[in-house]
Amino acid sequence: MFWGNVNQVIREADVILLVIDARFPFETLNEEVEGKVKKEGKRLIYVLNKCDLAPEHSLYAFKKRHPNTVVMSTKERIGKSQLRSAILQSGEKTVVGVVGYPNTGKSSIINYMKGRSSAATSSMSGYTKGIQKVRADNKIMMLDTPGVIPFREKGGKPKHTTIGAIDSSKIKDPEGAVYKIIHDYPGSLEEYYEIECNDPEEILEKIAIKLNRYSKGHVPDTFTVSRIILRDWQNGKIRQ
Ligand SMILES: Nc1nc2c(ncn2[C@@H]2O[C@H](COP(=O)(O)OP(=O)(O)OP(=O)(O)O)[C@@H](O)[C@H]2O)c(=O)[nH]1
Ligand SMILES: [Mg+2]
């Protein structure tokens with residue numbers, strides 16, 4: 001339902017920032033947005049945000065394929081001047097559309113460019129609901145949009161839980177999502193919780209015991225613990 005907002009912003013803006021989570025660059029690169037921007041003949045800047053949470057090699061691989069990339073961290077305040085000069089190539093006043101998957105940090109980037117909070121942000125994915133105009137400075141006007149997932153991923157993909165496109169509190173099968181993390185990022189949870197084990201079900205049980213979470217009959221509460229793990233994975237406490 002938010003695609004209408006995104007389409008409108010792509011039409012109205014001079015330059016589009018496609019915001020990507022630097023931890024999962026190829027998974028959060030929205031190719032449908034990319035295609036629409038190219039079709040409208042607009043200039044596209046890739047923004048790899050949350051670089052404070054990403055390993056160097058994932059930034060490098062992405063930048064090699066997409067030279068027109070600015071690396072940022074709104075948390076560590078990295079990349080503001082690089083982004084400003086990438087936007088203002090012509091030196092003229094510029095309207096900038098900010099688009100991408102949910103929860104990649106679009107609203108945070110707008111606040112960072114402005115220097116104070118104007119666009120509402122949240123760790124809850126899917127927070128921004130409509131278009132919001134924010135003047136960053138005398139030359140740059142920014143248009144915030146709700147995060148969108150590509151149409152062909154409608155109905156959900158397992159990766160949406162890992163990349164935070166679906167909020168941890170709304171994931172229907174949290175245990176399944178944690179098994180996916182254990183499979184795709186071996187060693188991450190084991191290192192964070194300081195446990196040694198190879199079996200995914202056992203890993204989850206051991207974490208529940210470590211966190212002292214039990215359900216009736218003193219059974220390790222792997223359901224509740226999975227939600228906790230997913231929250232800390234999505235907000236970057238647990239690293240890949
Ligand atoms: N570690 C880290 N966290 C960040 C960074 N930028 C944003 N965040 C966090 O990511 C979460 C989402 O940020 P938002 O700016 O609300 O993201 P959004 O893309 O506008 O999200 P939607 O409006 O839901 O699509 C928040 O908890 C932010 O604090 C960053 O550079 N580093
Ligand atoms: Mg937002």
Side-chain angles (χ1 to χ4, degrees), residues 1-10 13 16-25 27-30 32-33 45-56 58-59 62 69-84 96-134 136 142-151 153-154 156-157 159-171 188 192 227-228 230-240:
M1 79 193 199
F2 294 132
W3 270 105
N5 296 134
V6 172
N7 291 337
Q8 186 186 337
V9 161
I10 293 174
I16 307 296
L17 305 187
L18 182 50
V19 181
I20 293 159
D21 187 325
R23 289 173 291 176
F24 321 106
E27 291 90 339
T28 57
L29 170 70
N30 192 322
E32 271 171 37
V33 170
I45 300 170
Y46 299 92
V47 178
L48 277 187
N49 186 40
K50 307 195 188 183
C51 74
D52 54 295
L53 300 176
E56 195 68 35
S58 80
L59 307 177
F62 187 89
T69 295
V70 176
V71 174
M72 296 193 91
S73 165
T74 67
K75 192 174 173 207
E76 307 269 315
R77 311 189 74 73
I78 297 167
K80 185 175 185 168
S81 57
Q82 288 90 331
L83 182 59
R84 194 164 189 275
V96 180
V98 185
V99 301
Y101 267 81
N103 206 41
T104 47
K106 300 175 292 299
S107 304
S108 302
I109 288 173
I110 292 174
N111 292 334
Y112 175 41
M113 295 308 283
K114 186 179 171 73
R116 65 185 158 85
S117 289
S118 284
T121 66
S122 168
S123 59
M124 283 279 286
S125 188
Y127 198 71
T128 305
K129 299 284 190 274
I131 300 173
Q132 202 190 337
K133 265 189 183 183
V134 176
M142 302 189 92
L143 307 177
D144 196 7
T145 64
V148 284
I149 56 169
F151 192 73
E153 291 178 11
K154 223 177 137 215
K157 286 265 177 215
K159 74 165 187 183
H160 292 164
T161 60
T162 325
I163 65 175
I166 299 176
D167 195 79
S168 61
S169 61
K170 298 199 177 120
I171 294 169
S188 285
Y192 184 76
R227 284 224 190 282
I228 297 171
L230 291 171
R231 186 196 61 206
D232 288 344
W233 173 265
Q234 291 187 347
N235 68 24
K237 249 195 204 167
I238 306 172
R239 304 282 181 97
Q240 35 182 285

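Every number for a ligand or one of its atoms is a count from 1 in the order of the listing. Model, not experiment: these values are computed from the prediction.
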> Give me the nearest non-hydrogen protein atom to atom 8 (N) of ligand 1 as residue plus atom name, then the distance to 0.1 Å.
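Checking every protein heavy atom, the shortest distance to atom 8 (N) of ligand 1 gives Lys50 CE, 3.8 Å.
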
> With a 4.0 Å cut-off on heavy atoms, is Gly126 touching ligand 1?
yes

> Only one of Asp144, Val47, Thr121 forms a side-chain contact (heavy atoms from CB on, under 4.5 Å) with Lys106, so which one is it?
Asp144

> Look at the side chain of Arg239 and the backbone N and O of Ser188, then say whether any donor-acceptor pair between them is shorter than 3.5 Å.
no

> Assign the ring pair Trp233 / Phe24 to parallel, tilted or perpendicular, where the plane angle (0 to 90°) is split at 30° and 60°.
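Correct class here is tilted.
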
> Within a distance under 4.0 Å of any heavy atom of Ser73, pick out the atoms of ligand 1 and give their elements.
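With Ser73 as reference, the close atoms of ligand 1 come out as 31 (O).
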
> Distance to 0.1 Å, residue and atom name: give those for the protein heavy atom nearest to atom 21 (O) of ligand 1.
Asn103 N, 3.2 Å

> Of the non-hydrogen atoms in Lys159 and Glu153, which two are nearest, and what is the gap between them?
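The answer is NZ-OE2, 3.1 Å.
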
> Between Ala165, Ala119, Ser108, which one has a non-hydrogen atom sitting closest to atom 7 (C) of ligand 1?
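Going through Ala165, Ala119, Ser108 one by one, Ser108 has the nearest heavy atom to atom 7 (C) of ligand 1.
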
> Within the 4.0 Å heavy-atom shell around Ser125, which atoms of ligand 1 are there?
24 (O)

> For a quick check under 3.5 Å, do Thr145 and Asn5 share a side-chain donor-acceptor pair by atom type?
no

> Quick check: closest heavy atoms across Ala54 and Leu59, and the distance to 0.1 Å?
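Result for this residue pair: CB-CD2, 4.1 Å.
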
> Within a distance of under 4.0 Å, is there any protein heavy atom near atom 23 (O) of ligand 1?
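Within 4.0 Å of atom 23 (O) of ligand 1, protein heavy atoms are found.
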
> So, for Ile78 and Cys51, which heavy atoms are closest and what is the spacing to 0.1 Å?
CD1-SG, 4.2 Å

> Please answer whether the main-chain N or O of Arg23 pairs with a side-chain N or O of Ser58 as donor and acceptor at a distance below 3.5 Å.
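Checking the backbone N and O of Arg23 against the side chain of Ser58, no donor-acceptor pair under 3.5 Å is found.
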
> Using a 4.0 Å cutoff against the non-hydrogen atoms of Lys75, which atoms of ligand 1 qualify?
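Ligand 1 atoms under the 4.0 Å threshold to Lys75: 1 (N), 2 (C), 30 (C), 31 (O), 32 (N).
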
> Answer yes or no for Lys80 and Tyr112: cation-pi contact, defined as NZ/CZ to six-membered ring centre under 6.0 Å and angle to ring axis within 45°.
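The answer is yes, since Lys80 meets both limits relative to Tyr112.
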
> Does Ser107 reach ligand 1 with a nitrogen or oxygen that is under 3.5 Å from one of the ligand's nitrogen or oxygen atoms?
yes

> At less than 4.0 angstrom from any non-hydrogen atom of Asp52, what atoms of ligand 1 do you find?
1 (N), 2 (C), 30 (C), 31 (O), 32 (N)

> Using 2.8 Å as the threshold, say whether any N, O or S atom from Thr145 sits that close to the Mg ion (ligand 2).
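No, outside the cut-off.
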
> Taking distance alone, with no angle check, do Gly105 and ligand 1 share an N/O pair under 3.5 Å?
yes

> Which ligand 1 atoms does Gly147 reach within 4.0 Å, using its non-hydrogen atoms?
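Reading through ligand 1 atom by atom, the close ones are 25 (O).
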
> Looking at non-hydrogen atoms alone, which of Thr74, Thr121, Asn111 comes nearest to atom 31 (O) of ligand 1?
Thr74

> What part of Leu53, side chain, backbone, both or neither, has a heavy atom within less than 4.0 angstrom of ligand 1?
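The part of Leu53 near ligand 1 is the side chain, not the backbone.
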
> Just wondering, is there an N, O or S atom on Ser122 that's nearer than 2.8 Å to the Mg ion (ligand 2)?
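Checking Ser122: none of its N, O or S atoms is under 2.8 Å.
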
> What part of Asn49 sits under 4.0 Å from ligand 1 if we count only heavy atoms: the side chain, the backbone, both or neither?
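It is the side chain that gets close, since no backbone atom is under 4.0 Å.
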
> Whether the Thr104 and Thr28 side chains hold a donor-acceptor pair (N or O, under 3.5 Å, no angle test) is what I'd like checked.
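Absent: no donor and acceptor within the cut-off.
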
> Just by distance, do the side chain of Gln132 and the backbone of Ser118 share a donor-acceptor pair under 3.5 Å?
yes

> Under 4.0 Å from a heavy atom of Lys106: which atoms of ligand 1 are those, numbered in the order shown and with their elements?
15 (O), 17 (O), 18 (P), 19 (O), 20 (O), 21 (O), 22 (P), 25 (O)

> Return the residue, atom name and 0.1 Å-rounded distance of the protein heavy atom closest to atom 27 (O) of ligand 1.
Ser123 CA, 3.2 Å

> Among Asp21, Thr74, Leu17, which residue meets the side-chain contact (heavy atoms from CB on, under 4.5 Å) test with Asn49?
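Of all the options given, the one that passes is Thr74.
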
> Check each atom of ligand 1 against the heavy atoms of Ser122 and keep those under 4.0 Å away; list them by number with element.
11 (C), 12 (C), 13 (O), 16 (O), 26 (C), 27 (O)

> Give, for atom OG of Ser122 and atom CG of Asp167, the distance between the pair rounded to the nearest 0.5 Å.
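That separation rounds to 7.5 Å.
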
> Between Tyr127 and ligand 1, is there a nitrogen or oxygen pair with a distance under 3.5 Å?
yes

